[in-house]
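To start, the structure itself, in structure tokens.
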Amino acid sequence: MPSPDSSAAPQSLAATVLIGESFVGDGVNAAHTNVVIGRKGGPVGTAWATALATPSAGHVPFVAVVRPSVPVKPATLFVTKAAAAGELHERATWGSAQAGLAQGVLDAVTEGLLPAGEADELLVVAAVWVNPCVDDLDGCFRNQRAAAYGAVRAAVTGSPSVADVLDAAKEGPANPFYTPSAEVLAR
């Protein structure tokens, strides 16, 4: 994983709610991850516990693990954006995407984005997209690892800046699923 700008990495995370997003890859193995990071006992702690305790049909949050019985630190809740749709999608969600999420969070701790000394006090809620048409578990892992790291980095560094968003808006909204035409934008 790329090394963050050391001036952007905090010595200690404040008791705030940090929000980040990252999209990595293309096609059916792309990863889109949103994270919320905060401290136990704060609003993120409440959201973390509530999400774990109140699953909905097809969207069952679970604790991301490095290996069975070894949850990643900071404790990270994997919240699926897509209901399980077949054996390969299930293996990707609970297998390669979970492993990628755990490794991406660990990369952020290793790089100092998330202070290791505070890992037991921090919580991460990650909303993770795994396309039901996923066809490459290794590609899914690589993309999810990079997306998790990127989302954490965005949350910790407060990126993108408002100026970056305004610059991007000059070209109009776009995402991998839809880009409006100039004609539509002009209306």
Side-chain angles (χ1 to χ4, degrees), residues 1-25 30-55 59-82 91-130 137-161:
M1 291 288 94
S3 294
D5 174 357
S6 61
S7 65
Q11 296 301 317
S12 176
L13 292 181
T16 69
V17 174
L18 303 174
I19 300 169
E21 180 274 344
S22 183
F23 190 100
V24 175
H32 183 226
T33 302
N34 307 101
V35 297
V36 178
I37 304 169
R39 294 192 171 281
K40 292 178 180 176
V44 173
T46 301
W48 201 99
T50 301
L52 186 61
T54 57
H59 302 279
V60 180
F62 57 91
V63 177
V65 298
V66 178
R67 292 183 171 271
S69 300
V70 183
V72 68
K73 297 283 182 134
T76 301
L77 192 65
F78 187 117
V79 180
T80 61
K81 293 183 187 180
R91 289 184 59 210
T93 300
W94 294 306
S96 60
Q98 175 185 194
L101 175 64
Q103 188 61 56
V105 170
L106 288 175
D107 292 341
V109 172
T110 300
E111 294 286 339
L113 285 173
L114 296 173
E118 297 181 36
D120 283 327
E121 296 306 315
L122 297 172
L123 295 169
V124 177
V125 178
V128 177
W129 168 254
V130 178
L137 295 176
D138 292 334
C140 175
F141 169 83
R142 283 189 302 273
N143 289 334
Q144 183 52 50
R145 178 182 184 178
Y149 178 88
V152 169
R153 184 163 198 252
V156 171
T157 63
S159 60
S161 68

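A quick note: this is a predicted structure, and the numbers were derived from the prediction, not measured.
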Legend entry - Sole candidate of V125, V124, T76 that passes side-chain contact (heavy atoms from CB on, under 4.5 Å) when paired with I37: V124
Legend entry - Residue from L106, V109, L123 passing side-chain contact (heavy atoms from CB on, under 4.5 Å) with P74: V109
Inset, instruction - List the steps and the verdict of side chain to side chain contact (heavy atoms under 4.5 Å, CB included) for T80 and V60. - result: CA-CA 7 Å; T80 61; V60 180; 6.0 Å; no
To the nearest 0.5 Å, how far apart are [atom1] in [X] and [atom2] in [Y]?
| X | Y | atom1 | atom2 | result |
| --- | --- | --- | --- | --- |
| T33 | F78 | OG1 | CZ | 7.5 Å |
| Q144 | H32 | CD | NE2 | 10.5 Å |
| L101 | Y149 | CG | OH | 15.0 Å |
| L113 | D107 | CG | CG | 10.0 Å |
| R39 | T16 | CZ | OG1 | 9.0 Å |

If you look at every heavy atom in [X] and [Y], which pair is closest and at what distance?
| X | Y | result |
| --- | --- | --- |
| L77 | A51 | CD2-CB, 3.6 Å |
| V36 | I19 | CG2-CG1, 4.5 Å |
| S96 | L137 | CB-O, 3.2 Å |
| G100 | F141 | N-CD1, 3.3 Å |
| W48 | A75 | NE1-O, 3.5 Å |
| L52 | P55 | O-CD, 3.9 Å |

Please table the atom pairs, donor to acceptor, closer than 3.5 Å between any side-chain atom in residues 61-73 and protein atoms at least two apart or in another chain.
residue : atom : partner : partner atom : Å
K73     : NZ   : D120    : OD1          : 2.7

Inset, instruction - Give the intermediate values and the outcome of side chain to side chain contact (heavy atoms under 4.5 Å, CB included) for residues R142 and D138. - result: CA-CA 6 Å; R142 283 189 302 273; D138 292 334; 3.6 Å; yes
Inset, instruction - Would you check if K81 and H59 make a side-chain contact, meaning some heavy-atom pair closer than 4.5 Å? - result: no
